[in-house]
Amino acid sequence: MKRLKLLALDDEDLNIVSAHVQDAVLKIADIDFNPKQKKFVLKLNRFVWEQAEGKSKTDPFERRLSVLHFDRVENAQHTGFNLEAKDAVLSLLAIRFNETNFPAGTIELLFSGDAAIRLHVEVIEAQLSDMDASWGSEHLPKHEISS
């Protein structure tokens, strides 16, 4: 098993990280923001998209325990979910960056059900790391395309 480790220092890098964490699931209990250290951390179960192509229906897909952390975070806000509902599950759809005053800006973590987390950052500094744990999954995530 090859573990993924990605570093994002600009918008283009962040788009690559976003592609790798699309359809990751996490519990609200696995969200941590430390304002003193300016660090925001998500422990998530990411779908391994880079190995999904070409799999047959009999081959299991894979999910991996991963950690996504952001440094130099000045502020974090959330909408669309209750932070106290620790066992509630969020499904990550995308990560976007909106520049406000170069190199500062806002990183948006967009979840299904119109939930979101907004991180106000001094600069983009993110890292995605796979941990040792992985397991098979029979389901390929699918998205309805609305017109």
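Between Arg46 and Ala24, the shortest heavy-atom distance links the atoms CA-CB, 3.8 Å. Scanning both residues, Asp23 and Ser91, for their nearest heavy atoms gives CA-OG, 4.4 Å. In this structure, Leu90 and Ala115 approach most closely via the heavy-atom pair CD2-CB, 4.2 Å.
Contact annotation: the side chain of Gln77 never approaches that of Ile117 to less than 4.5 Å [non-hydrogen atoms, C-beta and beyond]. Using a 4.5 Å cut-off on side-chain heavy atoms (C-beta onward), Val73 and Gln37 make no contact. The closest side-chain heavy-atom distance from Leu83 to Ile28 is below 4.5 Å.
Here the CD-CZ distance, from Glu62 to Phe47, works out to 9.0 Å after rounding to the nearest 0.5 Å. Summarising the geometry, atom CD1 belonging to Ile124 is positioned 5.5 Å from atom CD1 belonging to Ile107; distances are rounded to the nearest 0.5 Å. Rounding to the nearest 0.5 angstrom, the gap separating the CG atom in Asp10 from the CD1 atom in Ile16 is 8.5 Å. Atom CG of Asp114 sits about 8.5 Å away from atom OG1 of Thr79, to the nearest 0.5 Å. Once rounded to the nearest 0.5 Å, the distance linking CG of Leu128 with CG of Leu14 reads 10.5 Å. Summarising the geometry, atom OG belonging to Ser18 is positioned 12.5 Å from atom CG belonging to Asp13; distances are rounded to the nearest 0.5 Å.
Linking ILVMFWY side-chain heavy atoms closer than 4.5 Å, directly or via other members, places Val25 and Leu44 in two distinct hydrophobic clusters. With hydrophobic clusters built from ILVMFWY side chains whose heavy atoms lie under 4.5 angstrom apart, Leu110 does not share a cluster with Val17. In terms of hydrophobic clustering, with Ile, Leu, Val, Met, Phe, Trp and Tyr side chains grouped at heavy-atom distances under 4.5 Å, Leu109 and Val123 are assigned to different clusters.
Annotation: ring-ring contact (aromatic ring centres under 6.0 Å, His included) contacts involving residues 79-134, sequence neighbours excluded, comprise His78-Phe81. The salt bridge (Lys or Arg N to Asp or Glu O under 4.0 Å) contacts involving residues 67-80 comprise Lys39-Asp71, Arg72-Glu122, Arg72-Glu125, where partners must be two or more places apart or lie in separate chains. Sorted by first and then second residue, the salt bridge (Lys or Arg N to Asp or Glu O under 4.0 Å) pairs with a member in residues 96-113 read Glu108-Arg118; sequence neighbours excluded.
By the side chain to side chain donor-acceptor pair (under 3.5 Å) test, Ser112 is found to be paired with no residue, residues two or more places apart in sequence or in another chain being considered. Every residue two or more places apart in sequence or in another chain was checked for a side chain to side chain donor-acceptor pair (under 3.5 Å) with Lys27, and none qualifies.
Other members of the cluster containing Leu9 are Leu7, with ILVMFWY side chains joined at under 4.5 Å, either directly or via other members.
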**Study point:** side chain to side chain contact (heavy atoms under 4.5 Å, CB included) between Asn45 and Arg64, intermediate numbers included
**Key:** CA-CA 5 Å; Asn45 300 321; Arg64 291 189 186 153; over 6 Å; no

Review point. Please walk me through it: do Arg63 and Val48 pass side chain to side chain contact (heavy atoms under 4.5 Å, CB included)?
Key: CA-CA 6 Å; Arg63 283 197 176 268; Val48 184; 5.7 Å; no

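Inspection of the Asp130 and Ser66 side chains reveals an N or O donor paired with an N or O acceptor under 3.5 Å.
Checked against Leu68 for a side-chain contact (heavy atoms from CB on, under 4.5 Å), the options Ile95, Leu6, Leu26, Val41 give a single hit: Ile95.
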